[in-house]
Amino acid sequence: MRLPDEPDNIPQINIVPMIDVVFAILTFLIVSSLSLSKSQGLPVNLPKASTSQVQDSPAKITVTLDAQGKFMVDKKLVNLDQIESTVRQVMGSNPSALIVLNADKSVNHGRVVEVMDRLRRIKGAKLGIATTK
């Protein structure tokens with residue numbers, strides 16, 4: 001007895017779920033890269049320097065001096081007399097931390113030097129000045 005011929009079904013691969021997974025991974029990578037590139041300082045108009053170099057350090061402490069003359073250590077508002085002690089507290093037992101000074105380009109040069117002088121009193125402090133290219 002002969003059975004009726006069954007039509008041959010061509011096997012197909014459905015790629016729609018794979019596309020969904022790829023888009024989910026892409027979305028995750030975009031969102032995570034945006035969160036990694038956030039600046040720790042507050043937005044200020046940095047001066048331009050053609051010879052600036054990127055300093056990589058595992059621990060960065062950001063000291064910001066804005067156009068209004070306010071001082072911030074990692075987004076915490078402090079006055080000039082508290083900068084040294086606040087940075088020491090943030091550094092803790094990590095003397096190899098890099099202190100990055102974000103000073104607005106309209107700030108008086110004397111104020112920037114005064115802040116740098118106070119930061120250089122910290123033993124082992126590595127000081128960097130933020131610029132744009």
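The side chain to side chain donor-acceptor pair (under 3.5 Å) check on Arg120 picks up nothing, with sequence neighbours excluded.
Residues Phe71 and Val115 are in side-chain contact: their nearest non-hydrogen atoms beyond the backbone lie under 4.5 Å apart. Between Val63 and Asn102, the closest side-chain pair of non-hydrogen atoms is not below 4.5 Å. Annotation: side chain of Thr62 is not in contact with side chain of Val73 (no heavy-atom distance under 4.5 Å). Looking only at side-chain heavy atoms (C-beta outward), Ile122 and Val87 come within less than 4.5 Å of each other. Between Val112 and Leu101 there is a side-chain heavy-atom pair separated by less than 4.5 Å. By the 4.5 Å heavy-atom criterion applied to side chains, Val90 and Asp74 are counted as neighbours. Counting only heavy atoms from C-beta outward, the side chains of Leu127 and Met116 approach each other to under 4.5 Å. Between Asp81 and Arg118 there is a side-chain heavy-atom pair separated by less than 4.5 Å.
A distance of 4.5 Å separates CD of Glu114 from CG of Leu80, quoted to the nearest 0.5 Å. Rounded to the nearest 0.5 angstrom, Asp104 CG and Lys70 NZ are separated by 12.5 Å. Here CD of Gln82 is found 8.5 Å from CG of Leu77. Values are rounded to the nearest 0.5 Å.
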Checklist line | Met18 vs Ile15, side chain to side chain contact (heavy atoms under 4.5 Å, CB included): CA-CA, chis, key distance, verdict | finding: CA-CA 5 Å; Met18 184 176 66; Ile15 64 167; 4.1 Å; yes
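No single ILVMFWY cluster, assembled from side-chain heavy atoms under 4.5 Å apart, contains both Val31 and Val21. Both Ile13 and Ile19 are assigned to one and the same hydrophobic cluster, defined by single-linkage of ILVMFWY side chains at heavy-atom distances under 4.5 Å.
Few gaps surround CG on Leu29; more than 12 heavy atoms of other groups in view lie less than 6.0 Å from it.
No donor-acceptor distance shorter than 3.5 angstrom exists from the side chain of Asn108 to the backbone of Arg111, with no hydrogens or angles considered.
The salt bridge (charged side-chain N to carboxylate O under 4.0 Å, His left out) contacts involving residues 82-95 comprise Glu84-Arg88, Glu84-Arg121, where partners must be two or more places apart or lie in separate chains.
A side chain to side chain contact (heavy atoms under 4.5 Å, CB included) with Met72 is found for one member of Val78, Asp66, Leu65 and no other, namely Asp66.
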